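Below is one structure, written out as structure tokens; the observations come after it.
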Amino acid sequence: MMMNSRWVTWLLMLLVLLIMVDHGRCNNTNKLHGVGHGNNNVTHNPYRRFLLSNGLALTPPMGWNSWNHFGCNVTEKIVKETADALVSTGLSKLGYKYVNIDDCWAELTRDTKGNFVPKKTTFPSGIKALADYVHSKGLKIGIYSDAGYYTCSKKMPGSLGHEERDAKTFASWGIDYLKYDNCNNDGSKPTIRYPVMTRALMKSGRPIFFSLCEWGDMHPAKWGYQVGNSWRTTNDISDNWESMVSRADMNEIYADLAKPGGWNDPDMLEVGNGGMSKKEYIVHFSIWAISKAPLLIGCNLRNVTKETMEIIGNGEVIAVNQDPLGIQAKKVRMEGDWEVWSGPLTNYMVALLLVNRGSVRASITAHWDDIGIPANSIVEARDLWEHKNLKQKFVQNLTATIGSHASKMYVLKPIG
Ligand SMILES: *[C@@H]1O[C@H](CO)[C@@H](O)[C@H](O)[C@H]1NC(C)=O
Ligand SMILES: *[C@@H]1O[C@H](CO)[C@@H](O)[C@H](O)[C@H]1NC(C)=O
Ligand SMILES: *[C@@H]1O[C@H](CO)[C@@H](O)[C@H](O)[C@H]1NC(C)=O
Ligand SMILES: *[C@@H]1O[C@H](CO)[C@@H](O)[C@H](O)[C@H]1NC(C)=O
Ligand SMILES: *[C@@H]1O[C@H](CO)[C@@H](O)[C@H](O)[C@H]1NC(C)=O
């Protein structure tokens, strides 16, 4: 009970802070000049006083996760070969650093001391050896547990009631990232169960990125900033267009609450898994990038195609995601199936994404007053998927013709 009232006080304080931060955010003057958003220095940002200040996630995390492609079939061989592939494809140089093992890596029962036991048939060398291997490639390693008695697969235990022991185990193995799921729990609120692991990680002696995966059940965007470095705003994604755009929509609602240190998470990427067309995957990757979502590749990287590499390897789109200002773009205008997404970048630039969700080709216009560019500015545009600056300069608006389930993405630079 003591704990509960302490948490209520804590959460109230957080709410007040969020309102203060938000107030700054909604001020257009601030937005255009970047005042109040330039301070990404966690230790010196006054609003971060009460936070999980592990110094991580100044920009959204990038890497790979086993779940979307391999599900419960993940093995240490797959993880090692994926680490190799991240390096050999050049993806690690583009920023993809985390190699994250999802569910099913442990035996169903703990050892006699209560410790996790890596699954003997699939991780025979243990997680410490695997972490050493991944680190030797210049990469970071992530693992998975659950704020319940069992994980979602029910094939391994969760960490509820074992938080400190498990956090210590992860730290001793050299783990850099923990995804923490919400299955098979005791029925208490995530706001009760997740912070227990936060404190355990903070005591573990190692900075560990904490990814809250409570599926958006209790609006984690409103409290996740004190508890973790990212929070899922949605249920699991599936490898199809409808699932992808609906996750994008749910995630967009919380745009104001993402910032350096803590990000909204619409779930991992499906690019390369085969359920969408190339144009649809480009829409998927573009929305995730402009929304400052974690860019966690979910396909088989060991035989990745040229087509998939053109998408996940687009350094210009990645640069929008990793822009140090860290402001999540919003859907600033919708006309039926036509959408204009935009958000500010450093150096007074603006990221713009035009999306056609309909079934016929359409002309979509972005107006300066919708996207935060002063009315009479002359603007240079770079097309991030064509990799070229457009010859034309733009005043008042920019219009593009876009096919069904396709998009155009630009960085706009006011030049006068
Ligand atoms: C917006 O920010 C500017 C510059 O910091 C400030 O002068 C102005 O009073 C603010 N307006 C509101 C409504 O907060
Ligand atoms: C944050 O600011 C302090 C003081 O200005 C500086 O010493 C430190 O290096 C900065 N950290 C980062 C990550 O920029
Ligand atoms: C895992 O392997 C089983 C058995 O080979 C297969 O039926 C299942 O589809 C696989 N799951 C995934 C997600 O690949
Ligand atoms: C990659 O290899 C696996 C089998 O090893 C195969 O099932 C899959 O279709 C391949 N993917 C691509 C994109 O070639
Ligand atoms: C776009 O702006 C131009 C002036 O640069 C104006 O002539 C045109 O009508 C505008 N288009 C739309 C669709 O608003």
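None of these values were measured; they are calculated from a predicted model.
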Parallel, tilted or perpendicular, judged at 30° and 60°: which one describes the rings of [X] and [Y]?
| X | Y | value |
| --- | --- | --- |
| W288 | H284 | perpendicular |
| W231 | Y225 | perpendicular |
| H405 | W241 | parallel |

Worksheet entry | Considering all heavy atoms, the nearest I237-N68 contact | CG2-ND2, 4.0 Å
Report yes if the side chains of [X] and [Y] come closer than 4.5 Å at any heavy-atom pair, otherwise no.
| X | Y | result |
| --- | --- | --- |
| N314 | H387 | yes |
| W341 | K330 | no |
| K408 | W385 | no |
| L398 | L412 | yes |

What I want to find out is whether [X] reaches [Y] closely enough, with some N-O distance under 4.0 Å, to be called a salt bridge.
| X | Y | result |
| --- | --- | --- |
| R247 | D267 | no |
| E339 | R357 | yes |
| K331 | E252 | no |

Practice prompt. Sequence neighbours left out, what passes disulfide bond (SG atoms under 2.5 Å apart) with C213? Give chain and number order.
Written response: none
Practice prompt. List in chain and number order the residues that pass salt bridge (Lys or Arg N to Asp or Glu O under 4.0 Å) with R361, two or more places apart in sequence or in another chain; answer none if no residue qualifies.
Written response: none
Item to complete: Please identify each residue that fulfils salt bridge (Lys or Arg N to Asp or Glu O under 4.0 Å) with K93, with sequence neighbours left out.
Response: none
Fill in: Polar side chain donor-acceptor pair, D84 to Y133, under 3.5 angstrom
yes
Worksheet entry | Qualifying salt bridge (charged side-chain N to carboxylate O under 4.0 Å, His left out) pairs with a residue from residues 97-106, counting only residues at least two apart or across chains | D102-K179
Worksheet entry | Y150 six-ring centre to K155 NZ/CZ under 6.0 Å and within 45° of normal | no
In a table with atom names and distances, give each donor-acceptor pair under 3.5 Å that connects a side chain of residues 113-120 to protein atoms at least two apart or in another chain.
unit_1	atom_1	unit_2	atom_2	d
N115	OD1	R165	NH1	3.1

Worksheet item: With sequence neighbours excluded, what pairs up with H135 under the side chain to side chain contact (heavy atoms under 4.5 Å, CB included) test?
Response: A131, I141, D176, R206
